[in-house]
Amino acid sequence: MNRSHYNGTLRLSNQGEAVELIGWVSKKRNFGAMNFIDLRDRTGIVQLVFDESFNAQLKDVRQEYLLHVKGLVEERKDKNPQLPTGEIEIVVKEFEIVNSSKVTPIIIADETDALEDTRMKYRYLDLRRPVMQKNLIMRSKIVQSLREFLDHHDFTEIETPVLGRSTPEGARDFLVPSRVHPGTFYALPQSPQLYKQLLMISGFERYYQFARCFRDEDLRADRQTDFTQLDIETSFLDENQILSMMEDMLKKLMKDVKGIDIPTPFLRMTWNEAMDKYGSDKPDNRFGMELQDFTNLFEHSEFVPFKNTIENKGVIKGIVVEDFAPSNKEIKNLTSDARKYGANGLVVFKYKDGALSGSAVKSLSQEELDALVAASNVQDGGAILMISDAWLKACNALGSLRNDIASLKGLKNKDEFSFLWVVDFPMFEWSETENRWVSQHHPFTMPKREDIPLLDTNPGEVKTNAYDCVLNGYELGGGSLRIYEQDLQDKIFEVLGFTPEQTQEKFGFFIDAFQYGTPPHGGLAFGLDRIAMILAGTDSIRDVIAFPKNASARDPMSEAPNTVDDVQLDELELAICIDDKQRDMLTAIQAGNVPVQLSNGETIQVSLDEIRQWKESQN
RNA sequence: GGUCCAAUGGCGCAAUUGGUUAGCGUACCUCCCUGUCACGGAGGGGGUUGCGGGUUCGAGUCCCGUUUGGACCGCCA
């Protein structure tokens, strides 16, 4: 099929040209003797005009029919400034229907009214919408720009396996049963972390990969089970060199894709600062409302929540919201949000005509109230939201409220791009559930040289050469320098509470590799989907992924995940245990040689014959 | 694992809070119209309200269960 031009590219300069076009009928407008059709391809829309000789043929043409058209480009009588092609139209000489279309279940236009679930079900039609095409084309440009930069900086693109070994720590693995070795499993990579470090040991020096990664955790609007990371690792560069190279890469990206010059170097703030000032390790600094510390104002307060907090060495922090007078109901909602975010409660003051009001006013002295007004610098018509709790809890909860209120008040400007680095992350965090220190990043993260003595005395205070790249309150990516000395690595495992045997069991091949001249190295990974999401100006990661999963990890179109044939299960020597009743039956069969994972996580041994018998007994 | 919200023609919503034949927009079909571009005008077809049970003279509306979807917390970098 011949085509001379793409529809969206035609301009007044093409006037008089004979063109041959292909496209879908986006809209048909009929005027008795006269007909217009908006013909759409991936580049845009152009208007076709037909005289009355086509009336009979056009009767058969409906929305989303695919047409092949020959005609002449002419200047329009009435131009449409809304369309890039609005100055011209195609006077059709002849056309054919290439293919017909059923009536589509959703309207194929940017302003479709279909809900996301319906769009997912007919994703192939949803992706015909110009805005979706624009998003995916932009995503492709992003990849192109990043690849260009890395290729020009002597990086080698290397693929690592999708079927790998399950590693403990971090997110839950997706498991793939091995047919060749029944009872064993591959794991899909959460990231190519170990492989990329091994590639440094191999001497590649600079590696990158657009890597599909998998995490079997619950989804969110900005989180998918399988997603794409730009994975990067380098040897011999220090933290500063890595960050500034990445800044150059992102600067080029913003220029290539958005045509925007962003200033470098990016703002750098320590994790402590970010938590203290923004209550988040991925601060959005496009707006103010920074967290303030009011602890010293209330050291002798009689107000019970404050008094308790002071006694427990906690902090009293707050944010000031301008032009904010929440109703009692809104205050109630804010308070329950604060509880949701882990705080004990929320104290709200409204400031109007030189006086604070709010339920806590009567419990505080006039001196304390005056001091609060002065210290917070609250303006008339504003409000102060305060939380008293342990430092991290108070910061986290206030940071989340700060975010919510900014969204509510429309303070997040989608056209502003604020990049920054959060650095010096803590090495460990205390796990209440496991009652031990766990890695905040991963156990190969390099602790700050000066903090190494603290590993013995106060692990919670050890900071690392780990860094996160943050854009508009989203974590774009993160990474670290890695440990390359055996002694230090052993020490970290010791703090994490692993015995040498456990370490060998969990990370054996990886630890062994480190004994062969490992170079100092470090790297990071960027979430490609999130980058695309923010640059496309959407709130949902699903708008920049061609075929995403919904919030419950399903694909409404293909209906994955699905059940499989018994034959397939038999080949894998797997059986499915649905509920307690069936589990009891299996247990009753007793003994055997096939491990069966029960729905409660417990594993029992059963023979295949026994399972077959049990299945028959079920029928 | 938890909390909250929703489910009504193809699609998106409404139904005066338990009361006549479930309504609107859009899409669809037919006809009219030579400059529209969210074209306009006239007419038409299409739903028994996710599923199961209950309360009631009467249920889209109330209750219980269930399924599906969404937001968030936990989880996840």
Side-chain angles (χ1 to χ4, degrees), chain A residues 26-39 45-52 55 59 62-64 74 76-83 85-86 89 91 102-122 125-126 169-173 190-191 193 213-225 227 229 280-282 333 336-342 396-397 400 403-404 422 425 429 431-433 439-442 445 466-470 474-480 524-527 530 539-540 542 550-554 556 559:
Chain A
S26 174
K27 197 83 198 180
K28 185 171 128 187
R29 289 180 294 276
N30 172 252
F31 289 83
M34 199 174 192
N35 286 281
F36 299 100
I37 283 179
D38 290 338
L39 196 68
I45 275 174
V46 70
Q47 174 167 285
L48 309 179
V49 60
F50 301 78
D51 66 37
E52 56 190 314
N55 273 18
K59 257 201 174 298
R62 312 209 182 276
Q63 300 251 83
E64 297 308 319
E74 287 196 3
R76 284 205 202 182
K77 280 182 195 155
D78 294 306
K79 302 187 175 175
N80 182 352
Q82 317 257 315
L83 271 181
T85 59
E89 63 192 352
V91 180
K102 280 172 61 173
V103 173
T104 55
I106 63 171
I107 297 167
I108 301 186
D110 284 354
E111 52 284 340
T112 183
D113 58 3
L115 298 179
E116 201 174 33
D117 189 41
T118 316
R119 289 172 46 205
M120 292 300 160
K121 222 170 261 169
Y122 303 98
L125 295 177
D126 189 44
E169 307 268 304
R172 193 177 295 122
D173 283 322
Q190 299 176 26
S191 86
Q193 182 65 35
C213 304
F214 305 85
R215 293 188 181 133
D216 190 7
E217 298 292 348
D218 288 357
L219 293 81
R220 290 282 192 281
D222 65 346
R223 222 159 70 189
Q224 285 273 303
T225 45
F227 57 100
Q229 284 196 339
S280 169
D281 58 3
K282 40 183 192 213
N333 287 340
S336 86
D337 285 346
R339 292 217 172 86
K340 191 174 80 183
Y341 296 134
N396 266 323
S400 299
N403 234 330
D404 292 351
V422 175
F425 276 75
E429 58 193 351
S431 166
E432 301 284 348
T433 49
S439 306
Q440 185 169 359
H441 203 66
H442 56 65
T445 306
Y467 32 81
D468 274 3
C469 182
V470 177
Y474 288 99
E475 183 202 329
L476 272 199
S480 64
L524 74 176
F526 289 98
R530 273 188 202 163
D539 291 330
S540 173
R542 295 167 215 154
N550 68 15
S552 45
R554 261 199 262 259
E559 295 183 318

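So that the names make sense, note that chain A is the first sequence line, chain B the second, and so on, each numbered from 1.
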Legend entry - Same-atom distance (C1') from B:rU68 to B:rU26, integer angstrom: 25 Å

Legend entry - Upstream residue (5' side of RNA chain B) when A:Gln63 and A:Lys340 are each assigned their closest nucleotide: A:Gln63

Inset, instruction - Have a look at B:rU17 and give me syn or anti from its glycosidic angle (syn if within 90° of zero). - result: syn

Inset, instruction - Remember a base hit wins even if backbone is also touched, and classify A:Lys27 as base, sugar-phosphate or nothing at under 4.0 Å, heavy atoms. - result: sugar-phosphate

Legend entry - A:Arg29 and A:Gln47 side chains, donor-acceptor separation under 3.5 Å: yes

Inset, instruction - Could I get the full list of side-chain hydrogen bond (donor to acceptor under 3.5 Å, both in side chains) partners for A:Asn80, not counting sequence neighbours? - result: none

Inset, instruction - Answer with base, sugar-phosphate or nothing: what part of the nucleic acid does A:Arg62 contact at a heavy-atom distance below 4.0 Å? - result: sugar-phosphate

Inset, instruction - Output all residues satisfying ring pair (Phe, Tyr, Trp, His ring centres under 6.0 Å) with A:Phe36, sequence neighbours left out; order by chain, then residue number. - result: A:Phe31

Inset, instruction - Please test A:Asn35 against A:Asn55 for side chain to side chain donor-acceptor pair (under 3.5 Å), starting from the C-alpha separation and ending with a verdict. - result: CA-CA 8 Å; A:Asn35 286 281; A:Asn55 273 18; 3.0 Å; yes

Legend entry - Pairing nucleotide - B:rU8, Watson-Crick or G-U, each distance under 3.5 Å: none

Inset, instruction - Using the P atom on both, measure B:rC5 against B:rG9 and round to a whole Å. - result: 22 Å

Inset, instruction - Check every strand shown and say whether A:Asp216 touches a base, only sugar-phosphate, or nothing at a heavy-atom separation below 4.0 Å. - result: nothing

Inset, instruction - For A:Gln440, report the nucleic acid contact type (base, sugar-phosphate, nothing); a contact means any heavy atom under 4.0 Å. - result: base

Inset, instruction - Could you measure between the two C1' atoms, the one in B:rU55 and the one in B:rG65, and give it in whole Å? - result: 15 Å

Inset, instruction - For nucleotides B:rG18 and B:rC57, find the distance between their C1' atoms and express it as a whole number of Å. - result: 12 Å

Legend entry - A:Ile108 side chain near A:Leu125 side chain, heavy-atom distance below 4.5 Å: yes

Inset, instruction - Assign A:Arg29 to base, sugar-phosphate, or nothing according to its heavy-atom contacts below 4.0 angstrom with the strands shown. - result: base

Inset, instruction - Could you tell me whether A:Arg530 contacts a base, only the sugar-phosphate backbone, or nothing, with contacts defined as non-hydrogen atoms closer than 4.0 Å? - result: nothing

Inset, instruction - Remember a base hit wins even if backbone is also touched, and classify A:Glu89 as base, sugar-phosphate or nothing at under 4.0 Å, heavy atoms. - result: base

Legend entry - Distance between C1' atoms of B:rA14 and B:rC76 (Å, rounded): 40 Å

Legend entry - Positional range of nucleotides in RNA chain B within the contact set of chain A, heavy-atom, under 4.0 Å: B:rG1 to B:rA77

Inset, instruction - Name the nucleic acid region contacted by A:Leu219, choosing base, sugar-phosphate or nothing; use a 4.0 angstrom heavy-atom cut-off, strictly under. - result: nothing

Inset, instruction - Report which part of the nucleic acid A:Ala33 touches: base, sugar-phosphate, or nothing (heavy-atom distance under 4.0 Å, all strands). - result: base

Inset, instruction - For A:Ser191, report the nucleic acid contact type (base, sugar-phosphate, nothing); a contact means any heavy atom under 4.0 Å. - result: nothing

Inset, instruction - For B:rU66, give its Watson-Crick or G-U wobble partner with both distances under 3.5 Å, or none. - result: B:rG50

Legend entry - Flag side-chain contact, heavy atom, 4.5 Å: A:Tyr341 against A:Asn396: no

Inset, instruction - Would you indicate what A:Ile106 reaches in the nucleic acid, counting non-hydrogen atoms under 4.0 angstrom: base, sugar-phosphate, or nothing? - result: nothing

Legend entry - Pairwise 5' ranking along RNA chain B for A:Tyr122 and A:Arg554, keeping only the more 5' one: A:Tyr122

Legend entry - Whole-Å P distance, B:rA15 and B:rG25: 16 Å

Legend entry - All side-chain hydrogen bond (donor to acceptor under 3.5 Å, both in side chains) counterparts of A:Gln193, not counting sequence neighbours: A:Gln197, A:His442

Legend entry - Residues forming a side chain to side chain contact (heavy atoms under 4.5 Å, CB included) with A:Lys340, sequence neighbours excluded: A:Asp337

Legend entry - B:rC13 to B:rA7 separation - P atoms, rounded to the nearest Å: 9 Å

Legend entry - Nearest-Å distance once atom C1' is located in both B:rU61 and B:rC75: 38 Å

Inset, instruction - Could you tell me whether A:Lys102 contacts a base, only the sugar-phosphate backbone, or nothing, with contacts defined as non-hydrogen atoms closer than 4.0 Å? - result: nothing

Inset, instruction - Identify, with sequence neighbours excluded, every residue that meets salt bridge (charged side-chain N to carboxylate O under 4.0 Å, His left out) alongside A:Arg172. - result: A:Glu217

